[in-house]
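Working notes, beginning with the structure itself.
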Amino acid sequence: MSEMNEIQQIFVEKNNKAELGGGKDKIDKQHKDGKLTARERIDTLLDKGTFVEVDKFVVHQCTNFDMDKTKIEGDGIVGGYGKIEGRLVYLYAYDFTVFGGSLSRTNANKIVKLQSMALKMGAPIIAMNDSGGARIQEGVSSLAGYGDIFYQNTISSGVIPQISVILGPCAGGACYSPALTDFIFMVKEKSHMFVTGPDVVKTVTHEDVSKEELGGAFTHNSKSGVAHFLGENEEETLMMVRELLSFLPSNNVEDAPIMNTMDDISRENEVLNELIPEDPNKPYDIKELIDAVVDDNYFFEVMPYFAQNIVVGFARMGGKSVGIVANQPAYLAGVLDIDASDKAARFIRFCDCFNIPLITFEDVPGFLPGCTQEHNGIIRHGAKIVYAFVEATVPKITIITRKAYGGAYIVMSSKHTGCDINFAYPNAEIAVMGAAGAVNILYRKASAEEKAKALAEYNEKFSNPYRAAELGYIDEIILPQQTRVKIIQALDMAQTKIRSNPAKKHGNIPL
Ligand code: HXC
């Protein structure tokens with residue numbers, strides 16, 4: 001064999017070892033557990049044949065506990081760059097077959113290198129987590145590695161989209177890298193996130209809880225609000241990641257890609273005139289309105305299981321990405337509460353970071369009253385929506401579909417808090433509160449007859465959008481059937497919007 005061939009042979013051997021990770025047995029175990037391997041995940045996520053691997057031959061440097069006898073090419077991370085729908089992304093996947101995907105100093109260095117490259121090239125980065133946490137044998141070196149990853153997560157925030165996909169365990173401080181990213185995907189029954197696992201919980205608080213209940217996909221998608229998307233299985237989850245990216249620009253100085261559509265920009269929909277019940281106490285599903293208005297009736301909802309009284313997500317109007325924020329009258333009457341405020345504010349800020357215009361559909365009876373809400377800080381949390389809408393410099397269009405009462409009218413992207421165009425339907429009610437509530441306060445001691453008269457007067461004066469339109473607080477009253485065309489016209493008008501906030505180090509959003 002010539003010298004060149006021997007060198008090539010070394011390459012082939014190292015390459016094969018890297019491809020096998022922790023070995024065939026561990027790969028079989030991974031499959032038996034119903035999970036894909038790190039490489040299979042990358043192949044599923046990326047456009048076929050586009051993966052370029054970085055640092056395939058690096059090995060850990062640990063000598064404790066005889067670790068120097070077990071060095072695996074690539075260690076516990078498979079990472080690099082590739083394409084999704086032809087656009088550059090960086091990505092890395094924890095390899096559970098190598099020491100349970102635990103984070104060594106070497107793994108952290110690989111991740112930080114990719115995070116730095118993604119930031120420099122202005123491309124999204126996707127992390128696929130499946131890990132036993134800090135590599136125990138490496139002690140503080142591993143912890144330091146987490147710190148370096150968190151640092152990159154934080155300085156990249158608002159510059160490039162960062163996405164985390166939890167595909168196995170993610171415990172302890174390891175949860176904080178996903179938590180610092182923009183979106184977290186989880187897989188039903190396969191992924192778990194918690195700061196402390198069930199055993200520690202039992203010791204400390206004596207609570208008996210399964211890992212699914214403590215930190216499973218449904219828990220974090222519906223209760224804690226930590227996760228944004230839930231997939232049935234890994235393949236579906238990774239397809240959802242691809243779809244999310246289609247709505248996003250690669251970085252904060254680009255616009256999202258434009259998707260050609262056959263959906264007519266002047267399409268009207270007369271069904272919408274009948275969708276909203278005149279009775280302000282009757283529910284309807286705001287998602288029906290959203291679906292009817294956006295391109296190809298397609299709405300990609302974010303956090304669909306959490307705080308369902310507010311709906312947020314992405315769609316396209318005239319081919320361009322928009323972020324939608326909408327009260328949901330079909331759930332808790334669309335009231336604003338702590339969770340709804342947090343959900344909306346974070347979504348608004350994401351859209352503003354990445355130049356995605358905001359469309360707000362408003363039908364809100366107000367903020368939720370009660371000790372639970374007050375004592376848990378509805379004032380502090382509700383302020384986040386105001387702050388996020390005011391601070392956002394992207395085009396902002398609001399449509400009042402029915403109720404716009406009290407403080408909730410102001411905070412849901414009103415003219416006063418900076419929306420560019422505010423539409424209202426003819427049946428909209430813009431008032432300090434609903435008619436019955438107002439009469440009960442003003443005419444507490446009055447007779448039934450006087451109350452009925454006051455109710456009629458209040459309804460005539462306030463339960464409509466005309467007073468606000470007279471004052472210029474509403475730019476235009478439109479028929480529901482015109483919603484699509486009016487929004488697209490407004491977005492077109494606002495696309496040259498010039499607005500920036502005063503220079504500052506950063507604001508102080510109420511957290
Ligand atoms: C080194 C680890 C490891 C770790 C797992 N392994 N976790 N090696 N460091 N943290 C190894 C196991 O020894 C085993 O090796 C292999 O990975 C697979 O693990 P199993 O336990 O056989 O798998 P499974 O039954 O699926 O259980 C997975 C698991 C469990 C739930 C993740 O392994 C586990 O509880 N690991 C410890 C988790 C933990 O406490 N991590 C530290 C958290 S503190 P062999 O050779 O037998 O196959 C932390 C601090 C971060 O992360 C702070 C950041 C600021």
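Remember, it's 1-based here, ligands and their atoms both numbered in the order they're listed.
- For the residue pair Leu88 and Pro124, the shortest heavy atom distance occurs at O-CD, 3.5 Å.
- In this structure, Ile42 and Glu53 have side chains that are not in contact, with every pair of non-hydrogen atoms separated by 4.5 Å or more.
- Salt-bridge formation is detected for the pair Asp28/Lys24: a Lys NZ or Arg NE/NH1/NH2 atom is positioned less than 4.0 Å from an Asp or Glu carboxylate oxygen.
- Protein heavy atoms all stay at least 4.0 Å away from atom 12 (C) of ligand 1.
- In this structure, atom 34 (C) of ligand 1 has no protein heavy-atom contact shorter than 4.0 Å.
- Taking the centre and axis of the six-membered ring of Tyr92, the NZ or CZ atom of Lys110 falls outside the cone set by 45° and 6.0 Å.
- Across all non-hydrogen atoms, the minimal contact from Phe347 to Ile324 is CE2-O, 3.6 Å.
- Within 4.0 Å of atom 41 (N) of ligand 1, at least one protein heavy atom is present.
- Closer than 4.0 Å to atom 22 (O) of ligand 1 lies none of the heavy atoms of the protein.
- Taking every heavy atom of Ala134 and a limit of under 4.0 angstrom, the matching atoms of ligand 1 come to 4 (C), 9 (N), 10 (N), 49 (C), 50 (C), 52 (O).
- Closer than 4.0 Å to atom 44 (S) of ligand 1 lies none of the heavy atoms of the protein.
- The protein reaches atom 16 (C) of ligand 1 closely, with a heavy atom under 4.0 angstrom from it.
- Against a heavy-atom cut-off of under 4.0 Å, Ile136 is close to the following atoms of ligand 1: 1 (C), 4 (C), 9 (N), 10 (N).
- Separation of the Phe300 and Phe229 ring centroids falls under the 6.0 Å cut-off.
- The nearest non-hydrogen atom to atom 27 (O) of ligand 1, considering only Tyr146, Phe150, Phe96, comes from Phe96.
- Polar contact check, Pro169 against ligand 1: no nitrogen or oxygen pair lies under 3.5 Å apart.
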Go through the steps to decide whether Lys497 and Asp420 satisfy the test side-chain contact (heavy atoms from CB on, under 4.5 Å), and finish with yes or no.
-> CA-CA 9 Å; Lys497 181 175 176 184; Asp420 297 300; 2.9 Å; yes
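- The nearest non-hydrogen atom to atom 5 (C) of ligand 1, considering only Gly76, Gly22, Gly100, comes from Gly100.
- Contact annotation for Ser102 and ligand 1: only side-chain heavy atoms (C-beta onward) come within less than 4.0 Å of the ligand.
- Remark: among candidates Phe65, Phe99, Tyr176, the nearest residue to atom 2 (C) of ligand 1 is Phe99, based on non-hydrogen atoms.
- Tyr298 does not carry Arg316 over the face of its six-membered ring by the limits of under 6.0 Å from the centre and within 45° of the normal.
- You'll find the side chain of Thr219 stays beyond 4.5 Å of the side chain of Leu214, heavy atoms only.
- Nearest-heavy-atom check against atom 46 (O) of ligand 1 across Met67, Gln137, Lys26 picks out Lys26.
- The shortest distance between side-chain heavy atoms of Glu391 and Asn501 falls below 4.5 Å.
- Using a 4.0 Å threshold on non-hydrogen atoms, atom 54 (C) of ligand 1 counts as touching the protein.
- Residues Thr417 and Val411 form no side-chain contact, since every pair of their non-hydrogen atoms from C-beta on lies 4.5 Å or further apart.
- Taking each of Gly132, Ser104, Gly133, Gly172 in turn, the one with a heavy atom nearest to atom 39 (C) of ligand 1 proves to be Gly132.
- Closest to atom 25 (O) of ligand 1 among all protein heavy atoms lies Lys29 NZ, 4.8 Å.
- Contact atoms of ligand 1 toward Leu143: 50 (C), 51 (C), 53 (C) (distance under 4.0 Å to a heavy atom of the residue).
- For CG of Asn16, the number of neighbouring non-hydrogen atoms (other residues, nucleotides, ligands) closer than 6.0 Å is greater than 12.
- Protein heavy atoms are found less than 4.0 angstrom from atom 8 (N) of ligand 1.
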